[in-house]
Amino acid sequence: MAFDLDVEHIASENAKRLPWLEEDYDHLGRRLARRGADIQKLTGLAEAFRAAVPSWGVGTGGTRFARFPNPGEPRNVFEKIEDCAAILRLTRTTPGISLHIPWDRPESPAELRSFAEERGLFFDSMNSNTFEDQPDQKLSYKFGSLSHTDPGVRRQAVEHNLECLELGTELGARSHTVWVGDGGNFPGQIHMRKALERYLDSMREIYRALPSGWRLYVEHKLYEPAFYSTVIADWGTSYYCVRELGERAFSLVDLGHHAPNVNIEMIVARLIQLGKLGGFHFNDSKYGDDDLDSGSIKPFQLFLIFNELVDAELARVPGFVPAYMLDQSHNVTDPVESLMVSSAELVRAYVQAHLVDRGRLAEHQEGNDALSALETLKEAFRTDVEPILAMARHRAGGAIEPVAVFRASGYRARAARERPASVRLGAGIV
Ligand code: RM4
Ligand code: MN
Ligand code: MN
(Lines give C-alpha, C1' and ligand atoms only; values in the text may rest on other atoms or scores of the structure.)
(Ligands and ions follow the chains in the order given, each with its own letter.)
Protein backbone atom coordinates (compact mmCIF):
# COMPACT_ATOMS: atom_id res chain seq x y z
CA MET A 1 0.00 0.00 0.00
CA ALA A 2 1.53 3.30 -1.09
CA PHE A 3 0.68 6.32 0.97
CA ASP A 4 3.15 8.67 -0.56
CA LEU A 5 2.40 12.31 -0.50
CA ASP A 6 4.47 12.58 -3.62
CA VAL A 7 7.08 15.19 -4.37
CA GLU A 8 5.13 16.54 -7.37
CA HIS A 9 2.00 17.07 -5.30
CA ILE A 10 3.94 19.01 -2.67
CA ALA A 11 5.85 20.98 -5.32
CA SER A 12 2.74 21.99 -7.26
CA GLU A 13 0.96 23.06 -4.07
CA ASN A 14 4.05 25.04 -3.03
CA ALA A 15 4.27 26.73 -6.43
CA LYS A 16 0.87 28.32 -5.82
CA ARG A 17 2.06 29.86 -2.57
CA LEU A 18 5.69 30.68 -3.28
CA PRO A 19 5.34 34.23 -4.69
CA TRP A 20 3.51 35.49 -1.60
CA LEU A 21 5.85 33.63 0.72
CA GLU A 22 8.83 35.26 -0.96
CA GLU A 23 7.26 38.67 -0.55
CA ASP A 24 6.60 38.08 3.17
CA TYR A 25 10.02 36.52 3.67
CA ASP A 26 11.85 39.45 2.06
CA HIS A 27 9.89 41.93 4.11
CA LEU A 28 10.56 40.07 7.35
CA GLY A 29 14.22 39.79 6.37
CA ARG A 30 14.47 43.57 6.07
CA ARG A 31 12.69 44.12 9.38
CA LEU A 32 14.96 41.65 11.16
CA ALA A 33 18.09 43.14 9.60
CA ARG A 34 17.18 46.45 11.26
CA ARG A 35 17.43 44.58 14.58
CA GLY A 36 20.70 42.97 13.57
CA ALA A 37 19.18 39.51 12.99
CA ASP A 38 20.03 37.43 9.93
CA ILE A 39 16.99 35.73 8.41
CA GLN A 40 19.08 33.21 6.46
CA LYS A 41 20.72 32.04 9.65
CA LEU A 42 17.37 31.74 11.39
CA THR A 43 15.96 29.78 8.45
CA GLY A 44 18.90 27.39 8.70
CA LEU A 45 18.17 26.89 12.39
CA ALA A 46 14.50 26.20 11.65
CA GLU A 47 15.49 23.67 8.99
CA ALA A 48 17.83 21.86 11.37
CA PHE A 49 15.38 21.64 14.28
CA ARG A 50 14.20 18.09 15.09
CA ALA A 51 11.43 16.68 17.26
CA ALA A 52 10.21 13.09 17.50
CA VAL A 53 6.58 12.04 17.15
CA PRO A 54 4.95 9.46 19.42
CA SER A 55 3.76 6.23 17.80
CA TRP A 56 0.79 6.40 20.16
CA GLY A 57 -0.10 9.89 18.97
CA VAL A 58 -1.16 9.04 15.40
CA GLY A 59 -4.16 7.01 16.51
CA THR A 60 -7.22 8.84 17.78
CA GLY A 61 -6.94 9.42 21.50
CA GLY A 62 -9.69 9.19 24.01
CA THR A 63 -10.69 10.18 27.48
CA ARG A 64 -11.76 7.73 30.14
CA PHE A 65 -15.33 8.44 29.03
CA ALA A 66 -15.17 7.70 25.33
CA ARG A 67 -13.13 7.51 22.21
CA PHE A 68 -14.39 8.66 18.84
CA PRO A 69 -12.16 7.02 16.22
CA ASN A 70 -11.29 8.94 13.08
CA PRO A 71 -11.86 7.23 9.75
CA GLY A 72 -8.72 5.62 8.38
CA GLU A 73 -6.84 5.57 11.65
CA PRO A 74 -3.83 3.25 11.72
CA ARG A 75 -4.60 -0.28 12.85
CA ASN A 76 -1.08 -1.47 13.52
CA VAL A 77 2.44 -0.19 13.94
CA PHE A 78 3.19 -0.27 10.20
CA GLU A 79 0.22 1.96 9.45
CA LYS A 80 1.34 4.23 12.27
CA ILE A 81 4.73 4.48 10.58
CA GLU A 82 3.00 5.42 7.32
CA ASP A 83 1.27 8.31 9.10
CA CYS A 84 4.55 9.36 10.72
CA ALA A 85 6.09 9.36 7.23
CA ALA A 86 3.32 11.66 5.98
CA ILE A 87 4.06 14.07 8.84
CA LEU A 88 7.76 13.99 8.01
CA ARG A 89 7.22 14.54 4.29
CA LEU A 90 5.20 17.68 4.84
CA THR A 91 7.09 19.18 7.81
CA ARG A 92 10.64 17.80 7.38
CA THR A 93 11.00 18.21 11.14
CA THR A 94 10.09 14.82 12.59
CA PRO A 95 12.25 11.89 11.46
CA GLY A 96 12.32 10.35 14.96
CA ILE A 97 9.64 8.10 16.45
CA SER A 98 9.08 7.28 20.11
CA LEU A 99 7.75 3.76 20.35
CA HIS A 100 5.40 2.45 23.02
CA ILE A 101 5.76 -1.16 24.12
CA PRO A 102 3.64 -3.29 24.19
CA TRP A 103 1.19 -1.16 22.18
CA ASP A 104 3.55 -1.25 19.23
CA ARG A 105 5.59 -4.37 19.87
CA PRO A 106 6.74 -5.62 16.45
CA GLU A 107 6.79 -9.29 15.52
CA SER A 108 9.95 -8.70 13.56
CA PRO A 109 11.99 -5.71 14.78
CA ALA A 110 14.26 -5.97 11.72
CA GLU A 111 11.27 -5.70 9.38
CA LEU A 112 9.87 -2.71 11.28
CA ARG A 113 13.24 -1.02 11.30
CA SER A 114 13.70 -1.28 7.55
CA PHE A 115 10.07 -0.25 6.97
CA ALA A 116 10.79 2.93 8.93
CA GLU A 117 14.20 3.55 7.41
CA GLU A 118 12.83 3.25 3.86
CA ARG A 119 10.65 6.22 4.78
CA GLY A 120 13.48 8.28 6.27
CA LEU A 121 12.39 7.52 9.84
CA PHE A 122 14.25 6.10 12.83
CA PHE A 123 13.34 5.08 16.37
CA ASP A 124 14.70 7.36 19.02
CA SER A 125 13.19 6.48 22.38
CA MET A 126 11.56 3.35 23.70
CA ASN A 127 8.70 3.78 26.17
CA SER A 128 7.78 1.03 28.60
CA ASN A 129 4.28 0.49 29.87
CA THR A 130 3.70 -0.89 33.34
CA PHE A 131 0.66 1.25 34.02
CA GLU A 132 -1.91 -1.21 32.66
CA ASP A 133 -2.29 -4.98 32.49
CA GLN A 134 -1.92 -6.91 29.26
CA PRO A 135 -4.18 -9.90 28.50
CA ASP A 136 -1.37 -12.46 28.82
CA GLN A 137 0.20 -10.94 31.92
CA LYS A 138 0.83 -13.09 35.04
CA LEU A 139 0.73 -10.47 37.77
CA SER A 140 -1.30 -7.26 37.97
CA TYR A 141 -0.06 -3.66 38.15
CA LYS A 142 -3.20 -2.58 39.95
CA PHE A 143 -1.14 -1.63 42.99
CA GLY A 144 2.01 -0.53 41.23
CA SER A 145 4.86 -1.90 39.16
CA LEU A 146 8.50 -0.96 39.73
CA SER A 147 7.69 0.08 43.31
CA HIS A 148 5.16 -2.69 44.09
CA THR A 149 5.29 -4.32 47.52
CA ASP A 150 5.50 -7.78 45.87
CA PRO A 151 8.99 -8.56 44.55
CA GLY A 152 7.38 -10.77 41.88
CA VAL A 153 5.53 -7.81 40.39
CA ARG A 154 8.65 -5.68 40.52
CA ARG A 155 10.59 -8.42 38.73
CA GLN A 156 7.94 -8.65 36.02
CA ALA A 157 8.04 -4.85 35.54
CA VAL A 158 11.84 -4.85 35.37
CA GLU A 159 11.77 -7.70 32.84
CA HIS A 160 9.37 -5.73 30.67
CA ASN A 161 11.78 -2.77 30.66
CA LEU A 162 14.67 -5.07 29.82
CA GLU A 163 12.64 -6.38 26.89
CA CYS A 164 12.21 -2.76 25.72
CA LEU A 165 15.99 -2.31 25.79
CA GLU A 166 16.51 -5.46 23.72
CA LEU A 167 13.87 -4.51 21.21
CA GLY A 168 15.21 -0.99 21.06
CA THR A 169 18.68 -2.24 20.30
CA GLU A 170 17.35 -4.18 17.32
CA LEU A 171 15.37 -1.15 16.22
CA GLY A 172 18.34 1.21 16.46
CA ALA A 173 16.88 3.30 19.31
CA ARG A 174 19.16 5.38 21.52
CA SER A 175 17.21 5.94 24.71
CA HIS A 176 14.63 4.49 27.05
CA THR A 177 11.88 6.44 28.80
CA VAL A 178 10.30 5.19 31.99
CA TRP A 179 7.06 6.60 33.30
CA VAL A 180 5.20 4.69 36.00
CA GLY A 181 1.79 5.43 37.40
CA ASP A 182 2.79 3.93 40.75
CA GLY A 183 1.38 5.61 43.82
CA GLY A 184 -1.48 5.61 46.26
CA ASN A 185 -5.05 6.77 46.10
CA PHE A 186 -5.49 7.12 49.86
CA PRO A 187 -3.47 8.46 52.76
CA GLY A 188 -1.76 5.57 54.49
CA GLN A 189 -2.04 3.25 51.48
CA ILE A 190 1.63 3.47 50.64
CA HIS A 191 4.72 3.90 52.74
CA MET A 192 6.21 6.84 50.87
CA ARG A 193 9.88 6.27 51.66
CA LYS A 194 9.79 2.51 51.18
CA ALA A 195 7.99 2.85 47.84
CA LEU A 196 10.68 5.19 46.50
CA GLU A 197 13.42 2.84 47.69
CA ARG A 198 11.77 -0.08 45.91
CA TYR A 199 11.38 1.99 42.75
CA LEU A 200 15.04 2.90 42.83
CA ASP A 201 16.12 -0.71 43.32
CA SER A 202 14.14 -1.69 40.23
CA MET A 203 15.49 1.23 38.23
CA ARG A 204 19.06 0.33 39.16
CA GLU A 205 18.56 -3.03 37.47
CA ILE A 206 17.23 -1.35 34.36
CA TYR A 207 20.06 1.17 34.37
CA ARG A 208 22.65 -1.62 34.65
CA ALA A 209 21.24 -3.19 31.47
CA LEU A 210 21.25 0.08 29.50
CA PRO A 211 22.99 -0.56 26.17
CA SER A 212 26.14 1.45 25.53
CA GLY A 213 25.57 4.88 24.07
CA TRP A 214 22.00 4.96 25.43
CA ARG A 215 20.38 7.41 27.83
CA LEU A 216 17.74 6.59 30.41
CA TYR A 217 14.97 9.13 30.93
CA VAL A 218 12.90 9.33 34.11
CA GLU A 219 9.55 10.99 33.52
CA HIS A 220 7.74 12.44 36.52
CA LYS A 221 4.06 13.23 36.79
CA LEU A 222 2.19 14.91 39.60
CA TYR A 223 -0.86 12.65 39.77
CA GLU A 224 -3.08 10.29 37.76
CA PRO A 225 -3.66 7.39 37.93
CA ALA A 226 -2.63 7.75 41.59
CA PHE A 227 -4.73 10.53 43.04
CA TYR A 228 -3.16 10.96 46.45
CA SER A 229 0.58 10.22 46.32
CA THR A 230 2.59 9.43 43.22
CA VAL A 231 6.02 7.85 43.65
CA ILE A 232 7.77 9.98 40.98
CA ALA A 233 5.62 13.06 41.35
CA ASP A 234 7.96 15.94 40.65
CA TRP A 235 11.26 17.05 39.19
CA GLY A 236 12.96 16.98 42.59
CA THR A 237 12.24 13.29 43.02
CA SER A 238 13.19 12.68 39.41
CA TYR A 239 16.46 14.55 39.86
CA TYR A 240 17.26 12.59 43.01
CA CYS A 241 16.65 9.32 41.18
CA VAL A 242 18.73 10.14 38.11
CA ARG A 243 21.56 11.31 40.36
CA GLU A 244 21.40 8.01 42.20
CA LEU A 245 21.28 6.01 38.98
CA GLY A 246 24.31 7.43 37.23
CA GLU A 247 25.63 9.68 34.53
CA ARG A 248 23.54 8.24 31.72
CA ALA A 249 20.25 8.84 33.54
CA PHE A 250 18.39 12.11 32.99
CA SER A 251 15.10 13.75 33.88
CA LEU A 252 12.42 14.10 31.23
CA VAL A 253 9.96 16.96 31.44
CA ASP A 254 6.43 16.36 30.15
CA LEU A 255 4.79 19.77 30.08
CA GLY A 256 1.42 18.43 31.25
CA HIS A 257 2.80 16.71 34.34
CA HIS A 258 2.92 19.64 36.73
CA ALA A 259 0.55 21.44 39.05
CA PRO A 260 -1.31 24.34 37.42
CA ASN A 261 0.72 27.56 37.32
CA VAL A 262 4.02 25.86 38.10
CA ASN A 263 6.94 27.73 36.55
CA ILE A 264 8.08 25.01 34.14
CA GLU A 265 10.74 27.15 32.48
CA MET A 266 12.39 27.51 35.85
CA ILE A 267 12.40 23.74 36.34
CA VAL A 268 14.01 23.51 32.90
CA ALA A 269 16.68 26.02 33.91
CA ARG A 270 17.39 24.16 37.14
CA LEU A 271 17.76 20.80 35.39
CA ILE A 272 20.09 22.36 32.81
CA GLN A 273 22.19 23.87 35.58
CA LEU A 274 22.36 20.53 37.36
CA GLY A 275 23.33 18.74 34.15
CA LYS A 276 20.32 16.45 34.21
CA LEU A 277 17.88 17.72 31.61
CA GLY A 278 17.33 14.74 29.32
CA GLY A 279 14.45 15.80 27.18
CA PHE A 280 10.83 16.71 26.74
CA HIS A 281 7.41 15.41 26.08
CA PHE A 282 5.81 18.46 24.54
CA ASN A 283 2.09 19.07 24.73
CA ASP A 284 -0.13 21.74 26.25
CA SER A 285 -2.68 21.79 29.01
CA LYS A 286 -5.22 23.91 30.78
CA TYR A 287 -5.93 21.77 33.85
CA GLY A 288 -3.84 18.61 34.17
CA ASP A 289 -2.28 16.04 31.87
CA ASP A 290 -4.61 17.21 29.11
CA ASP A 291 -2.22 16.22 26.31
CA LEU A 292 -3.49 19.02 24.08
CA ASP A 293 -1.58 20.25 21.05
CA SER A 294 1.70 22.05 21.77
CA GLY A 295 1.32 25.81 21.84
CA SER A 296 -2.48 25.67 21.79
CA ILE A 297 -3.09 27.00 25.29
CA LYS A 298 0.05 28.68 26.59
CA PRO A 299 2.29 29.69 23.67
CA PHE A 300 4.16 32.20 25.83
CA GLN A 301 5.11 29.43 28.26
CA LEU A 302 6.43 27.38 25.35
CA PHE A 303 8.48 30.36 24.21
CA LEU A 304 9.88 30.89 27.72
CA ILE A 305 10.90 27.24 27.90
CA PHE A 306 12.71 27.55 24.58
CA ASN A 307 14.24 30.76 25.80
CA GLU A 308 16.00 28.71 28.49
CA LEU A 309 16.93 25.99 26.01
CA VAL A 310 18.38 28.37 23.45
CA ASP A 311 20.22 30.26 26.17
CA ALA A 312 21.90 26.97 27.18
CA GLU A 313 22.55 26.07 23.54
CA LEU A 314 24.28 29.40 22.89
CA ALA A 315 26.24 29.14 26.13
CA ARG A 316 27.37 25.65 25.03
CA VAL A 317 26.49 24.12 28.38
CA PRO A 318 28.49 20.85 28.54
CA GLY A 319 26.43 17.70 27.97
CA PHE A 320 23.37 19.70 26.90
CA VAL A 321 21.70 17.60 24.17
CA PRO A 322 18.02 17.46 25.09
CA ALA A 323 15.73 15.08 23.21
CA TYR A 324 12.62 16.78 21.90
CA MET A 325 9.53 14.62 21.61
CA LEU A 326 5.85 15.27 21.29
CA ASP A 327 3.46 13.43 23.61
CA GLN A 328 -0.10 14.35 22.81
CA SER A 329 -3.54 12.78 22.61
CA HIS A 330 -5.76 13.88 19.75
CA ASN A 331 -9.39 13.40 20.60
CA VAL A 332 -11.17 15.79 18.26
CA THR A 333 -8.64 16.52 15.53
CA ASP A 334 -6.93 14.52 12.82
CA PRO A 335 -3.75 13.35 14.59
CA VAL A 336 -1.60 13.84 11.49
CA GLU A 337 -2.72 17.46 11.25
CA SER A 338 -2.28 18.08 14.98
CA LEU A 339 1.22 16.63 15.00
CA MET A 340 2.23 18.72 11.99
CA VAL A 341 0.92 21.91 13.56
CA SER A 342 2.47 21.03 16.91
CA SER A 343 5.90 20.34 15.50
CA ALA A 344 5.72 23.73 13.78
CA GLU A 345 4.85 25.32 17.13
CA LEU A 346 8.08 23.93 18.57
CA VAL A 347 10.10 25.30 15.67
CA ARG A 348 8.34 28.66 16.06
CA ALA A 349 9.21 28.90 19.76
CA TYR A 350 12.77 27.81 18.98
CA VAL A 351 13.25 30.46 16.27
CA GLN A 352 11.62 33.16 18.39
CA ALA A 353 13.94 32.27 21.26
CA HIS A 354 16.86 32.73 18.88
CA LEU A 355 15.55 36.22 18.17
CA VAL A 356 15.98 37.32 21.77
CA ASP A 357 18.62 40.02 21.98
CA ARG A 358 20.65 38.32 24.72
CA GLY A 359 23.19 41.07 25.09
CA ARG A 360 20.47 43.60 25.75
CA LEU A 361 18.61 41.20 28.05
CA ALA A 362 21.76 40.69 30.14
CA GLU A 363 22.21 44.47 30.43
CA HIS A 364 18.64 44.90 31.66
CA GLN A 365 19.10 42.06 34.11
CA GLU A 366 22.32 43.54 35.46
CA GLY A 367 20.69 46.95 35.69
CA ASN A 368 17.56 45.56 37.37
CA ASP A 369 15.37 47.05 34.67
CA ALA A 370 12.50 44.57 34.91
CA LEU A 371 10.28 46.34 32.41
CA SER A 372 12.89 46.48 29.66
CA ALA A 373 13.96 42.89 30.32
CA LEU A 374 10.41 41.71 29.75
CA GLU A 375 10.10 43.93 26.67
CA THR A 376 13.23 42.33 25.24
CA LEU A 377 11.61 38.91 25.52
CA LYS A 378 8.27 40.20 24.24
CA GLU A 379 9.88 41.75 21.20
CA ALA A 380 11.07 38.30 20.15
CA PHE A 381 7.83 36.58 21.11
CA ARG A 382 5.71 39.10 19.20
CA THR A 383 7.66 38.59 15.96
CA ASP A 384 5.67 36.63 13.41
CA VAL A 385 8.26 34.14 12.19
CA GLU A 386 5.84 32.13 10.05
CA PRO A 387 7.64 33.07 6.79
CA ILE A 388 10.86 31.63 8.24
CA LEU A 389 9.14 28.37 9.17
CA ALA A 390 7.41 28.09 5.78
CA MET A 391 10.62 28.89 3.87
CA ALA A 392 12.55 26.31 5.91
CA ARG A 393 9.98 23.64 5.08
CA HIS A 394 9.98 24.62 1.42
CA ARG A 395 13.77 24.52 1.17
CA ALA A 396 13.84 21.10 2.81
CA GLY A 397 11.27 19.74 0.35
CA GLY A 398 8.30 19.98 2.68
CA ALA A 399 5.08 21.91 2.37
CA ILE A 400 4.70 25.65 2.73
CA GLU A 401 1.28 24.97 4.25
CA PRO A 402 1.32 21.38 5.56
CA VAL A 403 -2.32 21.11 6.65
CA ALA A 404 -3.71 22.54 3.41
CA VAL A 405 -1.50 20.25 1.34
CA PHE A 406 -2.42 17.26 3.47
CA ARG A 407 -6.13 17.98 3.01
CA ALA A 408 -5.74 18.54 -0.73
CA SER A 409 -3.90 15.22 -1.09
CA GLY A 410 -6.93 13.15 -0.08
CA TYR A 411 -4.68 11.08 2.20
CA ARG A 412 -7.29 10.63 4.91
CA ALA A 413 -10.05 9.59 2.53
CA ARG A 414 -7.75 7.04 0.92
CA ALA A 415 -6.71 5.78 4.36
CA ALA A 416 -10.38 5.36 5.26
CA ARG A 417 -10.85 3.14 2.19
CA GLU A 418 -7.67 1.15 2.64
CA ARG A 419 -7.85 0.77 6.40
CA PRO A 420 -11.39 -0.30 7.24
CA ALA A 421 -11.69 -0.59 11.03
CA SER A 422 -11.89 -4.30 11.73
CA VAL A 423 -11.80 -4.25 15.49
CA ARG A 424 -12.88 -1.72 18.03
CA LEU A 425 -9.55 -0.32 19.10
CA GLY A 426 -8.94 0.64 22.71
CA ALA A 427 -8.19 4.16 23.87
CA GLY A 428 -4.50 3.64 23.23
CA ILE A 429 -3.55 6.50 25.48
CA VAL A 430 -4.21 7.60 28.99
C1 RM4 B 1 1.58 9.22 30.46
C2 RM4 B 1 2.97 9.77 30.16
C3 RM4 B 1 3.75 8.88 29.26
C4 RM4 B 1 2.94 8.36 28.12
C5 RM4 B 1 1.63 7.80 28.60
C6 RM4 B 1 0.78 7.31 27.46
O7 RM4 B 1 0.79 10.17 31.08
O8 RM4 B 1 2.85 11.04 29.59
O9 RM4 B 1 4.83 9.58 28.72
O10 RM4 B 1 3.70 7.33 27.57
O11 RM4 B 1 0.93 8.77 29.30
MN1 MN C 1 4.70 11.85 28.58
MN1 MN D 1 1.14 12.31 30.21
Side-chain angles (χ1 to χ4, degrees), residues 1-17 51-63 66-100 103-104 112 115-116 118-121 283 291-296 326-346 389-390 393-394 396-429:
M1 169 161 50
F3 259 138
D4 279 358
L5 278 158
D6 57 56
V7 179
E8 287 93 85
H9 172 69
I10 297 175
S12 75
E13 289 286 336
N14 279 354
K16 295 184 213 164
R17 297 168 173 87
V53 290
S55 64
W56 60 99
V58 286
T60 320
T63 66
R67 198 180 82 90
F68 302 97
N70 282 312
E73 67 174 351
R75 297 163 302 177
N76 55 51
V77 63
F78 292 98
E79 292 179 352
K80 290 180 184 179
I81 302 290
E82 285 172 345
D83 285 1
C84 293
I87 296 167
L88 174 63
R89 287 211 145 213
L90 294 168
T91 64
R92 305 286 160 163
T93 303
T94 56
I97 300 176
S98 306
L99 204 63
H100 222 292
W103 292 340
D104 296 312
L112 183 64
F115 190 83
E118 280 159 21
R119 287 158 181 77
L121 295 157
N283 50 54
D291 279 331
L292 296 171
D293 293 13
S294 296
S296 62
L326 290 160
D327 179 8
Q328 304 181 165
S329 179
H330 312 104
N331 306 336
V332 299
T333 56
D334 185 315
V336 169
E337 295 183 3
S338 270
L339 288 166
M340 291 194 301
V341 171
S342 298
S343 67
E345 289 307 305
L346 303 187
L389 272 51
R393 283 192 295 267
H394 172 58
I400 290 175
E401 276 185 59
V403 172
V405 177
F406 177 73
R407 290 188 178 183
S409 77
Y411 183 98
R412 188 54 71 192
R414 198 164 71 228
R417 282 197 305 278
E418 296 184 17
R419 300 170 177 175
S422 47
V423 282
R424 218 188 126 93
L425 299 162
I429 188 154

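These numbers come from a predicted model, not from an experiment. Position 1 is the first residue of the sequence; numbering continues from there. Computed over heavy atoms, backbone and side chain alike; hydrogens, waters and symmetry mates excluded.
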Side chains of [X] and [Y]: closer than 4.5 Å at any heavy-atom pair?
| X | Y | result |
| --- | --- | --- |
| Val53 | Ser98 | no |
| Asn331 | Thr60 | no |
| Glu82 | Pro74 | no |
| Asp83 | Pro335 | no |
| Arg119 | Ile81 | yes |
| Arg419 | Glu73 | no |
| Leu339 | His330 | yes |
| Val403 | Arg407 | yes |

What is the minimum heavy-atom distance between [X] and [Y], and which atoms define it?
| X | Y | value |
| --- | --- | --- |
| Ala344 | Leu389 | O-CD2, 3.5 Å |
| Pro54 | Asp327 | CG-CA, 4.2 Å |
| Asn14 | Gly398 | ND2-O, 2.9 Å |

Pairing of Glu337 and Arg412 as salt bridge, 4.0 angstrom limit: no
Measure the spacing between [atom1] of [X] and [atom2] of [Y] and express it to the nearest 0.5 Å.
| X | Y | atom1 | atom2 | answer |
| --- | --- | --- | --- | --- |
| Ser296 | Asn283 | OG | CG | 9.0 Å |
| Asn70 | Asp334 | CG | CG | 5.5 Å |
| Ser55 | Leu99 | OG | CG | 4.5 Å |

Which residues satisfy the side-chain hydrogen bond (donor to acceptor under 3.5 Å, both in side chains) test with [X], sequence neighbours excluded?
| X | value |
| --- | --- |
| Thr94 | none |
| Arg393 | Glu386 |
| Ser338 | Asp293, Thr333 |
| Ser342 | Gln328 |

Test side chain to side chain contact (heavy atoms under 4.5 Å, CB included) applied to Leu121 and Leu88, step by step: CA-CA 8 Å; Leu121 295 157; Leu88 174 63; 3.9 Å; yes
Under the side chain to side chain contact (heavy atoms under 4.5 Å, CB included) test, residues paired with Arg17 that sit two or more places apart: Glu13, Ile400, Glu401, Ala404, Val405
Side chain to side chain contact (heavy atoms under 4.5 Å, CB included) against Ala396, all qualifying residues, sequence neighbours excluded: Glu47, Arg92
Pairs meeting criterion ring-ring contact (aromatic ring centres under 6.0 Å, His included) with involvement of residues 74-96, two or more places apart: Phe78-Phe115
Contacts of His100 that satisfy ring pair (Phe, Tyr, Trp, His ring centres under 6.0 Å) - sequence neighbours left out: Trp56, Trp103, Phe131
Derivation and outcome, side chain to side chain contact (heavy atoms under 4.5 Å, CB included), residues Phe406 and Ile87: CA-CA 9 Å; Phe406 177 73; Ile87 296 167; over 6 Å; no
